[in-house]
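The structure appears right after this line, and notes come after that.
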Amino acid sequence: MGAMANVESFDLDHTKVNAPYVRLAGVKTTPHGDSISKYDLRLLQPNAGAIEPAAIHTLEHLLAGYLRDHLSDIVDVSPMGCRTGMYMAVIGEPDEQGILKAFEAALQDTAAHDRPIPGVSELECGNFRDHDLAAARKHAQDALDGGLKVQKTILLDRS
């Protein structure tokens, strides 16, 4: 069995970032020459807390739609396994300030969401009973109150 492939997020020094933030996690070029950019949309400070499973599930449903309302060419929005934020993949290489504005607008929409959560039925969702709108709204508002910013990548010093 060979060595495992390197994972970008394992090279990030999680002790030196300051959430909430937007961070360009990497850009891949497809065999056809298209760029796909991955962004770290961090809501909570790493290792200082975690978003409850039901709340991050609801954040996933809401941000998947609201981010697309403010930004084109989104490929995917998905929760981080550590439950401190979301990853977002987009076609192209949009600037971080544009991503920051879209994330801020989507969080404002999420904090104000007062309708049923989209995609929450047995037909539409793989765990439709596991949602918490109130907690998702609070996490969105807390991130806004925390002052979103662009975070540069700070790599681990492995020397």
Side-chain angles (χ1 to χ4, degrees), residues 7-30 34-120 124-125 127 130-155:
V7 178
E8 180 276 338
S9 63
F10 298 163
D11 289 333
L12 177 69
D13 188 335
H14 287 73
T15 67
K16 293 186 178 166
V17 295
N18 186 18
Y21 65 78
V22 167
R23 181 182 70 87
L24 177 62
V27 179
K28 299 281 185 186
T29 303
T30 70
D34 299 310
S35 294
I36 299 175
S37 301
K38 177 183 165 187
Y39 289 89
D40 174 344
L41 309 177
R42 191 78 60 157
L43 297 166
L44 296 181
Q45 185 65 25
N47 299 305
I51 301 169
E52 310 78 18
I56 202 158
H57 190 189
T58 302
L59 283 165
E60 176 190 18
H61 279 237
L62 294 174
L63 290 173
Y66 284 135
L67 279 162
R68 285 175 170 87
D69 288 346
H70 300 287
L71 190 66
S72 60
D73 297 326
I74 292 178
V75 175
D76 184 50
V77 177
S78 53
M80 294 176 174
C82 63
R83 300 189 340 256
T84 61
M86 309 295 279
Y87 288 118
M88 180 179 69
V90 298
I91 297 169
E93 297 183 48
D95 69 284
E96 289 170 305
Q97 287 300 322
I99 298 295
L100 179 70
K101 288 179 182 163
F103 187 37
E104 183 173 49
L107 286 172
Q108 289 169 347
D109 293 339
T110 298
H113 190 89
D114 62 358
R115 300 178 308 284
I117 303 162
V120 178
E124 301 163 309
C125 181
N127 194 4
D130 189 31
H131 284 277
D132 188 338
L133 178 58
R137 289 179 60 181
K138 181 175 182 345
H139 282 293
Q141 188 61 56
D142 288 349
L144 290 165
D145 293 345
L148 289 171
K149 66 196 116 343
V150 171
Q151 170 73 57
K152 296 300 176 193
T153 297
I154 303 168
L155 297 176

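Residue numbers start at 1 and run along the sequence shown. Note that this is a predicted model, so its numbers are computed, not measured.
- Between Leu100 and Tyr39, every side-chain heavy-atom pair lies at or beyond the 4.5 Å cut-off.
- Between the side chains of Asp40 and Tyr21, at least one donor N or O lies within less than 3.5 Å of an accepting N or O.
- Expressed to the nearest 0.5 Å, how far CG of Leu107 lies from CG of Leu63 amounts to 5.5 Å.
- Considering OG1 of Thr84 and CD1 of Ile56, their distance stands at 7.0 Å, rounded to 0.5 Å.
- The environment of Lys38 atom NZ is dense: over 12 non-hydrogen atoms of other residues, nucleotides or ligands sit within 6.0 angstrom.
- From Met86, atom CE reaches atom CE of Met80 across 9.0 Å, with rounding to the nearest 0.5 Å.
- With rounding to the nearest 0.5 angstrom, the OG1 atom of Thr153 is 11.5 Å from the CG atom of Asp13.
- Contact of the Val77 side chain with the Arg68 side chain is registered, since non-hydrogen atoms from C-beta on lie closer than 4.5 Å.
- Using a 4.5 Å cut-off on side-chain heavy atoms (C-beta onward), Gln45 and Val17 make contact.
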* Working for salt bridge (charged side-chain N to carboxylate O under 4.0 Å, His left out), residues Glu8 and Arg23 -> CA-CA 12 Å; Glu8 180 276 338; Arg23 181 182 70 87; 2.8 Å; yes

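- Of the possible donor and acceptor atoms, one in the side chain of Lys149 sits under 3.5 Å from a partner among the backbone N and O of Pro20.
- Counting only distance, with no hydrogens or angles, the side chain of His61 and the backbone of Pro118 share a donor-acceptor pair below 3.5 Å.
- To the nearest 0.5 Å, the span separating CG on Asp34 from OG1 on Thr29 amounts to 9.0 Å.
- Ion pairing between Lys138 and Glu52 fails under the 4.0 Å rule for side-chain N and carboxylate O.
- Remark: the backbone N or O of Arg115 is paired with a side-chain donor or acceptor of His113 at under 3.5 angstrom.
- Between Arg42 atom CZ and His14 atom NE2 the span is 4.5 Å, to the nearest 0.5 Å.
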